[in-house]
Amino acid sequence: MSGYNHKEIEQKWQKRWYESDVYKAYNPDEPGFDKNKKSFYILDMFPYPSGSGLHVGHASGYIGTDIVTRQKRMQGFNVLHPMGWDAFGLPAEQYAIQTNQHPRHVTDVNTANFRRQLKLLALSYDWKREIDTSNPDYYRWTQWIFLQLYKKGLVYRKEMPVWWCEELKTVLANEEVINGRSERGNFPCVRKPLYQWVFKITAYADRLLEDLDGLDWPENVKKMQADWIGRSLGAEINFSVMEHKHSICVFSTRPDTLYGVTALVIAPEHPLVKEITTTACQSKIDAYLSKAMAKSDRERKAEEEITAEFTGAYCEHPLMKGQKVPIYIADYVLADYGTGAVMAVPAHDERDFLFAKKYDLPFKAVIAPKSDGKTLESCFTDDGTLVHSEEFSGLSSAEAREKITKKLEDNHLGKSKIFYKIRDWIFSRQRYWGEPFPLYFDENGEVVMADESDLPITLPDMTDFAPSPDGSSPLARVKEWTSFKHPKTSKTWGHVTHTMPGWAGSCWYYLRFMDPMNTKKAFDEKVVNYWQQVDLYVGGASHAVMHLLYARFWHKVLFDLGLVPTKEPFKKLFNQGMVTAYAYKDKTQRLVPSDEVEQVGQSYRRKSTGEPVEKFISKMAKSLRNVVNPDDVIENKGCDVLRTYEMFMGPLGDEKPWADEGISGCEKFLRKVWNLFIDDNDQIRGDKVCAPKAHDKSHYSLHKCLKRINDSFNNFNFNTSIAGMMEALNEIQDQQIDLTKEQSEFFLKMLFPFAPHISSELWERLGNKDWIDFAGWPILEEDKLVKNDFELVLQVNGKIRKKVEANVGLTDEAAKQMALEQLNEFIAGKEIVRVIYVQNKIVNVVVKG
RNA sequence: GCCGGGGUGGCGAAAUAGGUAGACGCACAGGACUUAAAAUCCUGAGUUUCGCAAGAGACGUGCGGGUUCGAUUCCCGCCCUCGGUACCA
């Protein structure tokens, strides 16, 4: 039996690739480094090596970047394309506890499986640069970078209310809690005061926001980061409390509405609540407070009705002397945003409106809509023209904001202020499987930085990793960890029992990939200056805020320290779409595993009972039994077929459902390519693919195809590349086009990034001894795209009536003339209004009657 | 609620400086080869109406309007869907 044998060919080439240094990225000064080559750094978001392995969805992003990588290599770039493991974190530890294993062991088993799977996909990583964030050789430098941030004063320790997840027994960052539930696992979380290590990311808020502008990132990701940082410009305004020496500071983005204030509302947690509450109101306030405190944040947010309580106290309006403004507490005002106090302007803010309506407070409209100057009955929240605002009446909202703020400043009653929504980053976790902090507590309980020579501070060996119910870390149970004799001081010191969160390792891994073997430094300056930054970063949209924000923060600090040459780590970002799969549910909306369903005509039913089920699209999940493992596809169809099909399904950025039936099209395509080159006796078809003279139509077919492929590298819609190659192949076969050797190579070069094994094999069989990897990317020749004739479409009133062959050089006059003759039967006896000719495309005759 | 992405055949999808809608593929149907099946190859097909047929006509890119000789593409107003986010002052 001859024919295309994917197993044999793929094994042969993978062995060659992995045993050679064909994928090696060269650092400056390294033997083999070519200073004439430009650098290109293309990075996948490295995976968290879970126990279930990769499915075809993970593979799609990696295949996409590999295609770009292979093309860049052909184009003569020195390409850095590395892979590693984001190996610290909760899931490995949870799984280790459940199965009574060491997380180290679990991680090693999982990474081995991931490595095996990735190699089967023929992803052209420089495997010598593989890194594992949980390896002390790596986290030594994570600790080192932490120390640099610590020295800059960007780390502090504080008792603060933090998100605590009872189920996970750990603190979570604000970014990790969604609607009061943990991002991982969806467990309920509560606010709890605890000592934490915290990063001052807020100190970089403005730069993290401003520098988004220059990034070649998807607009929605930039917007999500901007929203998360949440910059708002406004004013801090002081209201002095009557009969007290205190004043209450509010933050408002609408100082232009200051004359419309009819109440002041402070959060129940506001520090002045106790002091200012009058005796008469004491009991009611106490009742409100105890009710509010009993509610979780979640319950508070779920509350639809606004509730409030009067404190009995008043403050004075800052610009209207003697004007009394009542002070309320209400839990719609959040203690941890702004100053924890707002000025209520019922006429111009929706929540204030609802609040005032319920508690019967006066409305005072001070902004008139620009157009008609009428004052609205309900609230008007847009900008307008000021009324009833003393000397500011008549100004526009924008002018008034400036001038009112200025007046407040002049009178020391307030000032212009920018508030950020972003909070400092809580950086400690009460778990075992993470980087230990490079800090000690000395004999007096003071924090001492570790010496660089102490690094890495490695995790102590232990067997029970379960978190403690009191919220302390498992490391707190290790005696030699919490108290040991420090060799330099001979005093009894202790380690920090918290560990770093899973994000730590991924904050700088892209830098370590540049210089992964360095034992002296995290990364060498010269090497970083060479690679600069990640040119193309590809991964899922789920990391839009957390990972990408944290990594940008660390990078900016490293930039300030002069350790990296760029302000931003990732120049271009691309989000690959999810690969979904079909799933089924029955009448009661219960999920039915895919392998229990059969298709009958257009509908689906359960095999066992015959009851009808409904098909729908969902994420791949074990419970739905619709997870497609790339290993199986590779075993049955081959890696090239899998790669081709994953790209053929649709644009890389789109979500698209996996369908097993679809694979056969790509399988047939590659087999046809094989059969074009190789005959039944396993010999190269010299007459077909090494013809002495090029066929007339061959240049056009090949260059048209190349143009489409080149375009697809800009848009990541490789589906059109593959369609283009299928089309070219169909043309070659249908029109019995013979290719010269050069043209055959041209075709194989286009195919290579997508299906590297078969192209390498055919490249070799054409008699080439060198790697196709470096054979150069085909050059598009525009003149080859020019055709002599075309199909001229003839329309009457925009409707197609005829199509005729015409020469490309056809003049305007000749085209119209031809159209009128050809369309005679359609236009006879009618008045011709005008005739439009679109070059080399269409003639449209407009008639009346 | 607000902010993004998206609605095109039975299915995955092509095509937008406005110019032949459905490329490419799946599934389907018919045929060839075969004792037969698989594989392979060829042919067909958006829907619909008329016709024995060749063929001819109408309608078609979520819905309703508009601009234009001509709209999947531009404008206005909606509907649905998938993400993100939400007492943020």
Side-chain angles (χ1 to χ4, degrees), chain A residues 3 178-179 218-224 226-228 230-232 234-235 250-254 257 265 267 300-304 306 330-334 336-345 349-352 354-355 419-421 541-542 544-545 575 577-578 580 582 599 601-602 615 617 644-645 648-651 653-669 671-672 675 708 717 719-730 733 790-803 833-847:
Chain A
I178 297 155
N179 279 331
E219 286 306 315
N220 64 327
V221 175
K222 289 205 229 179
K223 185 157 187 311
M224 276 161 77
D227 286 350
W228 186 263
R231 181 184 196 267
S232 48
V250 304
F251 173 71
S252 174
T253 52
R254 296 293 303 274
T257 64
V265 191
R300 272 208 210 177
K301 283 185 183 177
E303 204 83 51
E304 279 178 24
I306 282 177
D331 59 11
Y332 83 81
V333 176
L334 307 175
D336 60 0
Y337 185 77
T339 59
V342 301
M343 55 183 216
V345 185
D349 178 277
E350 245 166 83
R351 281 156 317 143
D352 296 343
L354 293 171
F355 161 68
F419 252 99
Y420 293 96
K421 202 173 77 173
S542 56
V545 177
N575 292 130
M578 217 187 340
T580 51
Y582 293 110
Q599 183 169 10
Q602 296 290 334
K615 185 175 176 177
I617 289 171
T644 310
Y645 178 59
F648 186 62
M649 285 194 293
D654 287 8
E655 179 183 310
K656 55 235 165 236
W658 178 273
D660 277 327
E661 318 84 72
I663 301 172
S664 61
C666 292
E667 195 185 3
K668 275 184 216 162
F669 165 62
R671 201 159 47 217
K672 278 194 208 167
N675 291 334
R708 290 184 76 176
N717 55 347
N719 51 328
T720 61
S721 293
I722 296 175
M725 286 188 282
M726 287 173 168
E727 218 166 63
L729 184 66
N730 288 346
Q733 285 185 331
F790 72 101
E791 199 175 41
L792 179 67
V793 175
L794 305 177
Q795 297 182 331
V796 176
N797 287 346
K799 283 193 178 166
I800 297 161
R801 293 303 178 191
K802 261 190 183 172
K803 294 174 186 177
V833 181
R834 58 194 274 213
V835 183
I836 294 145
Y837 174 51
V838 182
Q839 264 253 287
N840 301 341
K841 274 185 182 144
I842 265 176
V843 178
N844 187 16
V845 180
V846 187
V847 296

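Protein chains get the first letters and strands the later ones, always in sequence-line order, with residue 1 at the start of each. Note that these values count all heavy atoms, side chains included, but never hydrogens, waters or copies made by symmetry.
Between A:Ile306 atom CD1 and B:rC87 atom C1' there is a gap of 7 Å when expressed in whole angstrom units. A straight line from CD of A:Glu727 to C1' of B:rA14 spans 10 Å, rounded to a whole angstrom. To the nearest angstrom, P of B:rA56 lies 11 Å from NZ of A:Lys802. A:Ile800 has its CD1 atom 13 Å from the P atom of B:rG19, to the nearest Å. Rounded to whole angstrom, the span from the CE atom of A:Met224 across to the P atom of B:rC82 amounts to 17 Å. The nearest whole Å value for the distance from the OH atom in A:Tyr337 to the C1' atom in B:rA89 is 7 Å. Taking atom CG on A:Asp660 and atom P on B:rG12, their separation rounds to 16 Å, with Å as the unit. One can place CZ of A:Phe419 at 11 Å from P of B:rA89, the figure rounded to the nearest angstrom.
One finds the OG1 atom of A:Thr644 at 11.0 Å from the CD atom of A:Glu667 (value rounded to the nearest 0.5 Å). The CD1 atom of A:Ile617 sits 11.0 Å away from atom CE of A:Met578, with the distance rounded to the nearest 0.5 Å. Of the inter-residue distances, the one linking A:Asn675 atom CG with A:Lys668 atom NZ reads 13.5 Å to the nearest 0.5 angstrom. A:Thr580 contributes atom OG1, which lies 9.0 Å from atom NZ of A:Lys656 (distance to the nearest 0.5 angstrom).
B:rU73 and B:rU20 have their C1' atoms separated by 15 Å, with the value rounded to a whole Å. Nucleotides B:rC69 and B:rG83, compared at atom P, are 43 Å apart to the nearest Å. Taking atom P on both nucleotides, B:rG46 is separated from B:rG22 by 9 Å, rounded to a whole Å. Separation of the P atoms belonging to B:rG57 and B:rG5 is 41 Å when rounded to the nearest angstrom. B:rG9 and B:rU67 have their C1' atoms separated by 29 Å, given to the nearest Å. Going from the C1' atom of B:rA13 to that of B:rA17 covers 24 Å, rounded to whole Å. B:rC3 and B:rA86 have their P atoms separated by 16 Å, given to the nearest Å. Nucleotides B:rG65 and B:rU72 place their P atoms 15 Å apart, quoted to the nearest Å.
Between B:rA23, B:rA89, B:rG19, one nucleotide has an atom nearer to the side chain of A:Phe251 than all others, and that is B:rA89. Checking B:rU20, B:rC88, B:rC24 against every side-chain atom of A:Phe648, the shortest atom distance belongs to B:rC24. Among B:rC59, B:rC24, B:rG19, the nucleotide with an atom closest to any side-chain atom of A:Met726 is B:rC24.
Its glycosidic angle being more than 90° from 0, B:rG64 falls on the anti side.
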* To do: Test side-chain contact (heavy atoms from CB on, under 4.5 Å) on A:Thr339 and A:Phe419 and set out the steps.
  => CA-CA 10 Å; A:Thr339 59; A:Phe419 252 99; 4.3 Å; yes
Donor-acceptor contacts, no H, no angles, side chain residues 836-844 of chain A, under 3.5 Å, sequence neighbours left out:
from	atom 1	to	atom 2	distance (Å)
A:Tyr837	OH	A:Asn840	N	3.1
A:Asn844	OD1	A:Asn797	N	3.3
A:Asn844	OD1	A:Gly798	N	2.9

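Applying the salt bridge (charged side-chain N to carboxylate O under 4.0 Å, His left out) criterion to A:Glu661, with sequence neighbours excluded, gives no partner residue. Every side-chain hydrogen bond (donor to acceptor under 3.5 Å, both in side chains) that A:Asp352 has, sequence neighbours left out, goes to A:Tyr332. Every residue two or more places apart in sequence or in another chain was checked for a ring pair (Phe, Tyr, Trp, His ring centres under 6.0 Å) with A:Tyr420, and none qualifies. Residues meeting the side-chain hydrogen bond (donor to acceptor under 3.5 Å, both in side chains) test with A:Asp227, sequence neighbours left out: A:Lys223. Remark: A:Asp349 engages A:Arg351 in a side-chain hydrogen bond (donor to acceptor under 3.5 Å, both in side chains) (not counting sequence neighbours). Under the rule for a ring pair (Phe, Tyr, Trp, His ring centres under 6.0 Å), A:Phe648 has no partner lying at least two apart in sequence or in another chain. Checked against ring pair (Phe, Tyr, Trp, His ring centres under 6.0 Å), A:Phe669 has no partners two or more places apart in sequence or in another chain.
Contacts of A:Asp352 with the nucleic acid, taken as non-hydrogen atoms under 4.0 Å apart, are absent. If you check every strand for non-hydrogen atoms under 4.0 Å, A:Ser664 touches sugar and phosphate atoms only. When heavy atoms are screened at a 4.0 angstrom cut-off, A:Arg708 is found touching base atoms of the nucleic acid. Across all strands shown, A:Tyr582 has heavy atoms under 4.0 Å from sugar-phosphate atoms exclusively, and none from any base.
Contact annotation: the side chain of A:Met726 approaches that of A:Cys666 to within less than 4.5 Å [non-hydrogen atoms, C-beta and beyond]. In this structure, A:Pro651 and A:Asn719 have side chains that are in contact, with non-hydrogen atoms separated by less than 4.5 Å. Side-chain contact between A:Met224 and A:Trp228 is absent, with no heavy-atom pair separated by less than 4.5 Å.
Mapped onto RNA chain B by nearest heavy atom, A:Glu661 and A:Arg801 fall at different nucleotides, with A:Glu661 at the one closer to the 5' end. In terms of position on RNA chain B, the residue among A:Val793 and A:Ser252 whose nearest nucleotide sits closer to the 5' end is A:Val793.
Between B:rA56 and A:Lys799, no contact under 4.0 Å exists linking OP1 or OP2 to a side-chain N or O. A:Asn730 has no side-chain polar atom (N or O) that falls below the 4.0 Å cut-off from OP1 or OP2 of B:rA23.
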Between N or O atoms, less than 3.5 Å apart, protein on one side and nucleotides 68-72 of chain B on the other: list the pairs.
from	atom 1	to	atom 2	distance (Å)
B:rC69	OP1	A:Arg834	NH1	3.1
B:rC69	O2'	A:Asn844	ND2	3.4
B:rC69	O2	A:Asn844	ND2	2.4

Please list each protein N or O that sits under 3.5 Å from an N or O in nucleotides 1-9 of chain B, with the distance.
from	atom 1	to	atom 2	distance (Å)
B:rC3	O2'	A:Lys223	NZ	3.2

Please tabulate the protein-to-nucleotide N/O contacts below 3.5 Å involving nucleotides 40-49 of chain B, giving atom names and distances.
from	atom 1	to	atom 2	distance (Å)
B:rU40	OP1	A:Arg671	NH2	2.5

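With the 3.5 Å cutoff on both pairing distances, Watson-Crick and G-U pairs in RNA chain B assemble into runs of at least 3 at B:1-7 with B:79-85, B:10-12 with B:24-26, B:28-32 with B:40-44, B:46-50 with B:55-59, B:62-66 with B:74-78.
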